[in-house]
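Read the structure below first, then the notes.
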Amino acid sequence: MQAAIMHGLGLPLDIEDVTPEPPGANDIVVSVEAAGVCHSDISGLRGYLGLENPTILGHEVAGVVTEVGADVRGLRVGDRIIGSLVPHCKQCFWCLRGQSHLCAETWSVRGVTRARTASGDAVTSMLGLGAFAEQMVMDSRLAVKVDSDLPAEQLALIGCGISTGAGAALWTAKVQPGSTVAVIGCGGVGQSLIQGARIAGAARIIAVDPTPFKREVSLRNGATDTVDPGQGPTAEQVKDLTSGRGVDYAFEVVGRMQTVTDAYESARRGGEVITVGIPSPDARIDLPATDFFRAEKSIVGSYYGSTQVASGFQVFADLIAAGRFDAEGLITHRYGLGDLARAFDELEAGEVIRGVVTF
Ligand code: APR
Ligand code: ZN
């Protein structure tokens with residue numbers, strides 16, 4: 001099969017013919033229908049995610065089950081699935097406490113050899129998925145069956161960007177109706193977050209992004225105000241829009257420490273900062289500690305939007321089908337597998353909300 005392989009840091013992405021490994025008893029084979037191009041794929045290429053090499057990139061994916069291992073329960077050939085970034089094993093400390101997004105089995109499904117190159121080298125798959133390929137051989141615990149007639153491109157986005165973004169508003173922060181929200185970073189994840197805040201009933205949603213196109217799209221997705229960080233400090237502009245107070249919830253969706261600080265300073269006294277972006281591995285958060293105490297601000301990380309995939313993916317599919325969440329509007333670019341290098345360039349250039357590779 002054709003697959004996009006990362007060979008190592010700084011090396012170009014290669015579209016290669018590789019041979020899939022046979023599935024084990026707990027594995028399934030999935031024919032990939034659509035795979036989203038996410039900033040985390042770029043983070044992977046840069047070494048932020050500590051991926052083993054060579055590996056098949058891609059992790060935001062929808063497809064159809066074509067083969068099922070002997071011990072797999074609950075999945076059949078022909079099922080539509082969305083790839084999950086976590087296995088939801090249902091048995092670990094976290095899964096038993098309703099925190100399946102922190103499932104302890106997360107590492108056991110990664111780093112497994114899933115294909116061989118023409119010269120026989122072992123190839124793993126990014127986060128146990130490896131979506132930029134015609135097929136995925138994967139642990140069945142990473143597959144979530146969905147009952148939906150939506151186009152695969154829209155379902156794919158649920159697997160990462162929509163869950164991470166909208167989940168951060170709905171499930172990590174539990175944004176309250178009538179509240180004020182700032183979203184710092186309005187790429188694919190930020191736009192999903194804006195929609196999540198809108199669905200939660202936020203009264204004010206302030207979208208912060210240096211790219212005019214991103215600010216424009218934000219307004220379509222439910223933002224009530226926009227801020228250009230090029231026009232002055234983000235926090236000052238956010239405070240100007242909120243009677244000098246700052247917002248109830250400030251979301252960081254870029255992955256830089258400057259924007260974490262911006263979010264911290266944009267939150268009101270007693271407000272909450274939620275970090276969504278992926279930082280570089282050596283980054284440290286440096287914040288004024290007296291404000292932490294005196295202003296009673298809280299700061300919380302959001303992983304995968306705290307999404308409980310077993311039920312959460314279907315919730316998003318239903319919200320999209322009901323016209324309450326616009327997934328189609330997030331897709332601004334479509335690519336073939338061979339266009340991936342260009343897809344990454346265009347994402348970095350700020351032209352893209354979400355690009356999707358279709359097969
Ligand atoms: N203030 C606000 N926004 C900024 C700033 C800034 N100082 N600098 C950059 N941005 C914006 C970019 O213009 C872009 O629109 O942040 C956005 C990042 O979006 P994408 O590159 O599309 O990334 P996305 O896929 O949305 O992911 C965002 O979450 O999952 C993680 O790894 C991912 O850290 C990344 C973040
Ligand atoms: Zn992603």
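For ligands, and for the atoms within them, numbers begin at 1 and follow the listed sequence.
- Annotation: atom 30 (O) of ligand 1 to nearest protein heavy atom, S40 OG, 3.7 Å.
- Ionic pairing of R334 and E328 is present here: one or more N-O contacts between side-chain nitrogen and carboxylate oxygen are shorter than 4.0 angstrom.
- P210 CD, 3.6 Å is the protein heavy atom nearest to atom 10 (N) of ligand 1.
- Among the atoms of D262, none of the N or O lies under 3.5 angstrom from an N or O of ligand 1.
- A salt bridge does not link E153 to R354: none of the charged nitrogens lies less than 4.0 Å from a carboxylate oxygen.
- At least one N, O or S atom of H59 sits under 2.8 Å from the Zn ion (ligand 2).
- In this model, a donor atom of one side chain and an acceptor atom of the other lie less than 3.5 Å apart for E105 and S108.
- The protein atom (non-hydrogen) at minimum distance from atom 21 (O) of ligand 1 is H39 ND1, 2.6 Å.
- Scanning the protein heavy atoms around atom 2 (C) of ligand 1, the nearest turns out to be V208 O, 3.5 Å.
- Using a 4.0 Å heavy-atom cutoff, G350 is absent from the residues neighbouring ligand 1.
- Numbered from 1 in the order shown, with element, the atoms of ligand 1 that lie under 4.0 Å from a heavy atom of I184 read 1 (N), 2 (C).
- Checking only distances, V253 never comes within under 3.5 Å of ligand 1, N or O to N or O.
- Distances below 4.0 Å separate heavy atoms of P229 from the following atoms of ligand 1: 1 (N).
- Of the heavy atoms in E252, none comes closer than 4.0 Å to ligand 1.
- Considering only non-hydrogen protein atoms, atom 15 (O) of ligand 1 sits nearest to D209 OD2, 2.6 Å.
- No donor-acceptor distance shorter than 3.5 angstrom exists from the side chain of R220 to the backbone of E216, with no hydrogens or angles considered.
- Atom numbering of ligand 1 starts at 1 in the shown order; those under 4.0 Å from a heavy atom of L347 are 22 (O).
- When ring centroids are compared, W171 and F316 come within the 6.0 Å threshold.
- Using a 4.5 Å cut-off on side-chain heavy atoms (C-beta onward), I28 and M138 make contact.
- In the vicinity of K214, heavy-atom distances shorter than 4.0 Å reach the ligand 1 atoms 14 (C), 15 (O).
- With ligand atoms numbered from 1 in the order given, ligand 1 contributes 32 (O) to contacts under 4.0 Å with heavy atoms of S43.
- The single protein non-hydrogen atom nearest to atom 29 (O) of ligand 1 is G277 CA, 3.6 Å, given as residue, atom name and distance.
- Annotation: D286, atom CG; neighbour count of heavy atoms from other residues, nucleotides and ligands within 6.0 Å does not exceed 12.
- Counting non-hydrogen atoms of neighbouring residues, nucleotides and ligands closer than 6.0 angstrom, the CD atom of E296 reaches no more than 12 such neighbours.
- We find that K297 and E272 are not joined by a salt bridge, their nearest charged nitrogen and carboxylate oxygen being 4.0 Å or further apart.
- Although no hydrogens or angles enter the test, the distance criterion places no donor-acceptor pair under 3.5 Å between the side chain of R268 and the main chain of Y249.
- For the pair SG of C160 and SG of C38, the angle at the Zn ion (ligand 2) is about 120°; rounding is to 10 degrees.
- Ligand 1 has R256 within reach: a non-hydrogen atom of the residue lies less than 4.0 Å from it.
- The main-chain N or O of P20 is never found under 3.5 Å from a side-chain atom of R116 such that the two would form a donor-acceptor pair.
- When only modelled atom types and interatomic distance are considered, D282 and S280 share a side-chain donor-acceptor pair under 3.5 Å.
- Remark: D79 engages K145 in a salt bridge, criterion side-chain N to carboxylate O under 4.0 Å.
- Atoms of ligand 1 found under 4.0 Å from any heavy atom of G185, numbered from 1 in the order shown, are 2 (C), 3 (N), 16 (O).
- Listed by number with element, the atoms of ligand 1 under 4.0 Å from a non-hydrogen atom of G188 are 22 (O), 26 (O).
- The nearest heavy-atom contact from the protein to atom 6 (C) of ligand 1 is T259 CG2, 3.6 Å.
- Taking a 4.0 Å cut-off on heavy atoms, Q258 fails to register as neighbouring ligand 1.
- Nearest protein neighbour of atom 27 (O) of ligand 1, counting heavy atoms only, is V189 CG2, 3.5 Å.
- Between F313 and Y304, the angle of the ring planes goes over 60°, which puts this pair in the perpendicular group of the 30/60° scheme.
- Near T211, with a cut-off below 4.0 Å to any heavy atom, the atoms of ligand 1 are 13 (O).
- Here's the thing with V254: one of its N/O atoms is less than 3.5 angstrom from an N/O atom of ligand 1.
- R342 and D345 are not joined by a salt bridge, as no carboxylate oxygen comes within less than 4.0 angstrom of a charged side-chain nitrogen.
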